[in-house]
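Below is one structure, written out as structure tokens; comments come after it.
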Amino acid sequence: MSEWLVLTLAMVAVCGIVLVVVVLQRRRTAPDVDASETPDVMEYMTMMIGVVYAIVLGLAIAGVWEARSAAQDHVRAEAQALHEVHERVRVYPVEARDRIRDDVTAYVGHVVNTEWDTMIERENVTDRGDELLAKLRHDVTDYEPTNDFQAQAYQPLLDQITLADEARGNRSDSVEATMPGVVWFGLITGGLVTVGLIFPLQIRRTARELLLAGLFSALIAFLLFLIWDFDAPYSRGIAATAEPFEALFPGIGD
């Protein structure tokens with residue numbers, strides 16, 4: 001089922017529940033009750049809870065978006081480092097150059113065509129990817145430069161391998177969801193409390209007030225869905241992609 005279909009159904013369900021409860025509540029209210037008289041303390045509490053919950057939602061959205069952006073930066077850094085290795089090794093002899101470039105191509109191809117699916121489905125990287133990167137490191141490290149020109153390129157190549165390894169580790173660390181369970185408990189509970197405060201406010205069954213109640217509850221559902229969608233940087237909705245690898249290594253995903 002599409003995530004956007006799930007979002008639509010969730011928003012419709014929340015709106016429907018809120019509107020049904022409001023209508024039933026008004027039917028059970030005595031005819032002589034003045035709906036315009038809401039205790040001042042109730043209005044104050046509703047306002048304060050709404051403000052606090054809005055701040056919490058804003059912080060949560062900013063947190064998951066920052067995590068998603070950082071995940072994409074890790075991918076970009078890894079792809080760029082490997083691209084530098086692929087290009088800088090041109091000063092090596094043909095045999096060593098082709099061997100190292102084959103290692104780079106094999107690793108990138110595995111990441112794009114195999115490991116990325118594993119990250120989405122199982123939220124981890126593969127052992128095969130670790131092996132391919134280790135082989136690349138060994139081939140770069142074990143080569144002994146034969147002239148000053150190759151010696152000058154040797155250390156920068158090792159530095160780029162280190163950057164790629166570090167970026168891979170960061171990518172592995174950022175695969176899982178970033179929001180702890182206790183935070184989700186607070187967000188969901190706060191959402192229920194915030195939406196529930198609609199009912200004590202003696203909302204009348206006018207089209208305007210029912211529309212506002214429905215839109216408010218739908219907004220809360222949408223924001224919670226947005227946080228959930230961003231919470232897994234590589235596997236949901238607007239996720240980090242392997243585009244940096246595909247851009248720097250054309251045809252690798254074919």
Side-chain angles (χ1 to χ4, degrees), residues 3 63-145 150 153-180 228-254:
E3 293 180 358
V64 294
W65 177 256
E66 182 178 358
R68 185 266 176 200
S69 299
Q72 188 66 63
D73 290 341
H74 299 328
V75 178
R76 187 176 297 108
E78 184 179 3
Q80 185 62 48
L82 292 169
H83 179 70
E84 290 296 322
V85 173
H86 187 276
E87 296 303 315
R88 293 188 183 194
V89 80
R90 63 182 299 177
V91 302
Y92 280 13
V94 175
E95 182 181 355
R97 179 187 64 202
D98 291 345
R99 181 171 64 253
I100 293 174
R101 284 183 172 178
D102 288 343
D103 290 342
V104 172
T105 302
Y107 174 77
V108 173
H110 175 76
V111 170
V112 173
N113 298 317
T114 302
E115 188 168 77
W116 210 265
D117 293 334
T118 302
M119 290 167 55
I120 294 174
E121 297 171 2
R122 303 178 186 176
E123 295 188 343
N124 57 27
V125 296
T126 62
D127 293 336
R128 179 59 178 165
D130 294 335
E131 295 171 0
L132 291 172
L133 185 58
K135 183 177 184 300
L136 171 61
R137 180 190 293 275
H138 293 158
D139 285 342
V140 172
T141 304
D142 294 345
Y143 178 75
E144 184 176 350
Q150 294 176 12
Y154 181 77
Q155 186 58 49
L157 283 171
L158 292 181
D159 293 341
Q160 293 301 322
I161 293 294
T162 301
L163 290 175
D165 190 21
E166 181 180 359
R168 175 179 174 79
N170 291 333
R171 175 162 62 86
S172 176
D173 293 339
S174 61
V175 166
E176 298 181 355
T178 57
M179 299 290 287
W228 174 83
D229 196 48
F230 287 155
D231 194 28
Y234 296 103
S235 57
R236 300 188 194 127
I238 308 176
T241 67
E243 189 274 335
F245 286 108
E246 296 171 348
L248 294 174
F249 298 91
I252 201 69
D254 297 340

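Numbers here simply count residues along the sequence, with the first being 1.
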Residues V91 and A153: closest non-hydrogen pair is CG2-CB, 3.6 Å
Ignoring hydrogens, what is the shortest heavy-atom contact between R101 and E87? Give both atom names and the distance.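 For R101 versus E87, the nearest heavy atoms are NH2-O, 4.0 Å.
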Salt-bridge criterion met for [X] and [Y] (N-O under 4.0 Å):
| X | Y | value |
| --- | --- | --- |
| D73 | R76 | yes |
| D139 | K135 | yes |
| D103 | R137 | no |

Within the 4.5 Å heavy-atom criterion, are [X] and [Y] side-chain neighbours or not?
| X | Y | value |
| --- | --- | --- |
| V111 | R171 | yes |
| E243 | V75 | no |
| V125 | R168 | yes |
| F249 | L82 | yes |
| P93 | Q150 | yes |

Taking only residues two or more places apart in sequence, or in another chain, which ones meet V64 in a side-chain contact (heavy atoms from CB on, under 4.5 Å)?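 In terms of side-chain contact (heavy atoms from CB on, under 4.5 Å), with neighbours along the sequence ignored, V64 is linked to T178, M179, I227, F230, D231.
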Please list every donor-acceptor pair under 3.5 Å in which a side-chain atom of residues 154-164 meets a protein atom from a residue at least two apart or in another chain.
{"from": "Y154", "atom 1": "OH", "to": "T141", "atom 2": "O", "distance (Å)": "2.6"}
{"from": "Q155", "atom 1": "NE2", "to": "D159", "atom 2": "OD1", "distance (Å)": "3.0"}
{"from": "T162", "atom 1": "OG1", "to": "L158", "atom 2": "O", "distance (Å)": "3.0"}

Verify side chain to side chain contact (heavy atoms under 4.5 Å, CB included) between E78 and Y107, making sure each step is shown before the conclusion. CA-CA 11 Å; E78 184 179 3; Y107 174 77; 2.4 Å; yes
Please step through side chain to side chain donor-acceptor pair (under 3.5 Å) for the pair H110 and T126, ending with a clear verdict. CA-CA 9 Å; H110 175 76; T126 62; 2.7 Å; yes
Quick check on E131: does its CD atom have over 12 non-hydrogen neighbours (other residues, nucleotides or ligands) under 6.0 Å away? yes
Can you check whether A71's main-chain N or O pairs, donor with acceptor, with Y234's side chain at less than 3.5 Å?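 Indeed, once roles are kept as given, a pair shorter than 3.5 Å links the two residues.
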Look at the side chain of R68 and the backbone N and O of P233, then say whether any donor-acceptor pair between them is shorter than 3.5 Å. no
